[in-house]
Every structure is written in structure tokens, then in C-alpha cells.
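Report on one structure; see the data block that follows.
Residue numbering restarts at 1 for every chain, and letters A, B, ... go by the order of the sequence lines.
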Number of protein chains: 2
Amino acid sequence: MTKGNKILIADDEPDILEIIEFNLQAQGYEVITAKNGDEAIEKAKKESPDLIILDIMMPGKNGIEVCNQLRMIPAFKQTLIVFLTALSDEATEVKGLETGADDYLTKPVSPKVLISKINSLFRRLNKEETGIIKIGDLQINREKYGVTFRGADIVLARKEFELLSLLASKPGKVFLRNEILNQVWGTEVIVGDRTIDVHIRKIRQKLGIDCITTVKGVGYKFEM
Amino acid sequence: MTKGNKILIADDEPDILEIIEFNLQAQGYEVITAKNGDEAIEKAKKESPDLIILDIMMPGKNGIEVCNQLRMIPAFKQTLIVFLTALSDEATEVKGLETGADDYLTKPVSPKVLISKINSLFRRLNKEETGIIKIGDLQINREKYGVTFRGADIVLARKEFELLSLLASKPGKVFLRNEILNQVWGTEVIVGDRTIDVHIRKIRQKLGIDCITTVKGVGYKFEM
DNA sequence: CTTCTGCTTAACAATTTGATAATATTATAA
DNA sequence: TTATAATATTATCAAATTGTTAAGCAGAAG
């Protein structure tokens, strides 16, 4: 499973850092680490991670302070933040969540559970736009220009690929014909109306199933 | 803080139901309860809650089955689902999260923590501006160009969708025929008077219930 | 140079939609 | 109650929209 989301971990215990880093990397996440609160803020600003895992008790700035500070910055209003700490007292947990964190995990936490939680958070955020799109048994690899369906490779021409890629990037969303033209063909080129249809048809043909729905008078949407 | 959200709790222990219900109501949430899996599904369909708390071990259908089944239904793809259970074994937790749940809490959980978690989930949900209009068990999704009623998809043509969309955007408000013409047809096009009626009729027919009220000599309004 | 592939388009078929006319029904005021 | 205006219903048809096929063209590959 390849993700491609960036995760920042801040913890002062090297062992913990290492274990988590290993497990997340195995899942395909890109991992950055920080040894204390200040380093966490600094790296967060530089790397713009998609998710930040914060230990609460750290030398210097503690996790809650870090979270508070990051949430002040517009760029981090949306970022997922999770506390992971040995402090299991209720007051701290409530305080942590009220700071605007998305989850609070207490050590020790098993790698499997940690990963499930993280996957679950990303799933809701729908942030799987980097690299590989996976919907059901359809896989789209943007870098390799490859599409796999039920384990079998499917060869799509460039425009077909771009089009499917666009539609599948937000399953369920209806893309207006105009949107499609702008995204796939660009604003310069002008192509006839039937062009989109023909490409849609080819994709439908090659995939063998009808996962692209026509919304008449509006556009197309991808749905499994 | 965003309150007024509807929460469905499913648990077979009356005591737990009561405690949670009390605490959530104190926070301003509207609470519905169910004593087993089947009842949970039934009430979910009828009430369209914003968040569902599921016990895993329940007579009849267990929580994971309920979650699975709900996630199959289009209307519940986005709904927040949280497991709350005494089963703290890792495998179950991972399985639960992979079913598409948003969180997994183990009993006993303190009311404060529970509430923090729930607030936290809602906080994140509201950040992602989903163009979803929700009135009772009717959902209108502008992005998907789709309408869901009691869990079932309803297919509306473009004008029908726009019209319903307009009326439902302000439930209770009476839209003058002129207003409707301007909003849905634009100022350019001129259509006969009966045209609106015909579309209203089609919507009424497709929805199966009469949630659009005629105000004679004035216009129409949407009401559940 | 030839062959192949991908992209676009034209032309036509198939489908869906939306508007209207004609008629029935309902609400309201006199 | 009745007359009247407003809305509901139904069927029908034209227009809008999309699906399909085949053909032409340009550029890449052989």
C-alpha cells in the first residue's frame, strides 16, 4: 500500500521515534522526525506535513503548546494533529482535544492500531491525491501512467488517463464539461463537444464496467 | 461550537445508553437511541443522524456488521461512525477502523473524554465544507448532483434538481414564482406559467412525499 | 517511407429533457 | 354555493444532450 502523505513525528524518546517511523514508512508514508517542540514547529513550517504526531511531554515546548502555536498559523488550520503520550489522565486528554487536535492516543499503542487510526484519519480527509489513487479494485498510478483493475493492467492513452485520473480524484463529484476541458485540455485548446464523450466511451470500454456516470446537462462523475 | 447535531447511540446496556444520552444532550446534541443492531440501522435510515456511536457486542447484528451495512448506503458514506466497546483487543479495533469507522473508543470511557472526542470529530467535519443540504432524512449534495431520501438515491433531472435545491436551501421560506423563474431559469429565458408546476409535480412524485407546499397566488415552499 | 497509434471530428442514432397545450381539480371570495 | 382564478395532471412533441461509429490527420515508431 503506497500512500505518499507526509507525517511529522515529534517525540523526545529516540526509540519511540524509530519504531513509529519504521512502521509508517512500511505503509508508504513519508516520515519526518523532531526531537522536541521547537524542532517540531520548525520542521512543520518547512515541510508542510499532512499529519503531525505530537508527544505531550517534551523538553522545551510541550506538545499542547506546539499544537496551540501551529493552529494559530493559517497553513496548519487543516493539518491533522494527533497526540501520542504516556499521560493518560483525563484532564490532559480533554485539554489536548480542545486545543484542536484530531485524536489522542495513549502509550503504549500497538503499531497496528496506530496505523489503523492514521489511515482512518486520512481516509476521511480524502487526501490520497498524491501518486496513487485507489478506489475499490481500481488503482491509478499518476507517476507511472498506469492503471490496474482487478489485478490486470489496463492500457490507457494519455488523454484517457488524464480524464479518468481527474474523475477518480474525487469519486462521486460531478465534473462539469467545462471543468474537464480546463483540467485535461487546458484553457488554450478548443475542442469539439463530442471529444469528451468519445474519450469517456473508450475508458468505459477498456475498464469493462460502467463506473462513469453521465449527469445529463451537467457533466460526468466517477463511482464504483 | 457547533451543536444541534443529531447523534444515534446503539448499545444493548440501558445504563450506558442513558449515561451517554444525558451527557450528549447536556452538550446540546439531539440524541436518538437503539437497543440493537437492527434497530440502529432502521433508526439511522429514518433519522439520518450526523454521528453514530456503535457498541460492537450487541444481540442480533453486531456493531461492525451495522457499520459495514451502513457504509454500503450512499447516504451514510460521509456519516461519522464511532465504535464504543468493551472489546479492547487489537484485532477487533483494527477491523473496526478498516470497516470505515472514524474512531474506536474502549469502555469504560469518561463522559468528558467522550464528549471531547465527539466535538473534535464534528470540528473537523465542519471544516470540510461539504455542499450538502440536510433536512430531516433528505440530503441534497450539490457536488455530487445527487439527492438521497431515507437512504435511497433519487434521480432528478437538472431543472428538477435546481428547483428542489433552491426550495430546500431555505426551508419554510415561500419562493415567489418570479423568484423561482429568475433563480432556476435565469432572466433571459421566458417560459410559460405551467412549467414550474410540472416540475414541482415531478419532484413530488419522485420524492414520494409532499414536502413542497403550494401557497396559492404566491409560490411554493419546502417543508418536511 | 510506411505503419501504427492517439486525438479529433463529422455524421447520425439514441436518449432524455423540458415546455406546452389541454383538461381536471382545487381553493377562495363574493 | 357558485363563480373564478390558480394550480395539478397528463400526454405529447420539439429541442437539447449524449452515445456511437467511422474516418481523417498528425506525429511517433519501425
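Checking the phosphate oxygens (OP1, OP2) of dT16(C), no side-chain nitrogen or oxygen of R158(B) falls inside 4.0 Å. Taking side-chain N and O atoms only, T214(A) has no distance below 4.0 Å to OP1 or OP2 of dT17(D). Distances shorter than 4.0 Å separate some side-chain N or O of Y220(A) from OP1 or OP2 on dG19(D). In this model, the phosphate group of dC7(C) is not approached by any side-chain N or O of W185(A) to a distance below 4.0 Å at OP1 or OP2.
The residue F161(A) sits apart from the nucleic acid: no heavy atom pair falls under 4.0 Å.
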Letter by letter from the 5' end, nucleotides 24-30 of chain C scores (B base, S sugar-phosphate only, - none; protein heavy atoms under 4.0 Å) --BB---

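One can place NZ of K221(B) at 15 Å from P of dT7(D), the figure rounded to the nearest angstrom. Atom CD in E188(A) sits roughly 15 Å away from atom P in dT8(C) (whole-Å rounding). One interatomic measurement links the two molecules: OH of Y145(B) to C1' of dT17(D), which rounds to 14 Å at whole-angstrom precision. The CG-P distance, from L176(A) to dT17(D), rounds to 13 Å in whole Å.
Applying the side-chain hydrogen bond (donor to acceptor under 3.5 Å, both in side chains) test to every pair with at least one member in residues 151-161 of chain B, sequence neighbours left out, gives these pairs: E160(B)-K206(B). Sorted by first and then second residue, the pairs that involve residues 149-183 of chain A and meet ring-ring contact (aromatic ring centres under 6.0 Å, His included), not counting sequence neighbours, are Y145(A)-F161(A).
With sequence neighbours excluded, the residues that form a side chain to side chain donor-acceptor pair (under 3.5 Å) with E179(B) are K173(B). Partners of Q183(B) according to the side chain to side chain donor-acceptor pair (under 3.5 Å) rule, which considers only residues two or more places apart in sequence or in another chain, do not exist here.
Using a 4.0 Å cutoff on non-hydrogen atoms, the parts of residues 189-212 of chain A near DNA chain D are R194(A), D197(A), V198(A), R201(A), R204(A), ordered by number.
In this structure, a donor-acceptor pair under 3.5 Å is present between the side chains of N119(B) and Y29(B).
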Apply side chain to side chain contact (heavy atoms under 4.5 Å, CB included) to the pair I140(A) and L138(A), showing each step before the final yes or no. CA-CA 7 Å; I140(A) 301 175; L138(A) 181 78; 4.2 Å; yes

What verdict does the side chain to side chain contact (heavy atoms under 4.5 Å, CB included) test give for L167(A) and I212(A), after you've listed the backbone C-alpha separation in whole Å, the side-chain angles of each residue and the deciding distance to 0.1 Å? CA-CA 8 Å; L167(A) 294 181; I212(A) 297 176; 4.0 Å; yes

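With hydrogens and angles ignored, the 3.5 Å screen pairs no side-chain donor or acceptor of D55(B) with any backbone N or O of M58(B).
Here K61(B) does not pair with D12(B) in a salt bridge; the nearest charged N to carboxylate O distance is not below 4.0 Å.
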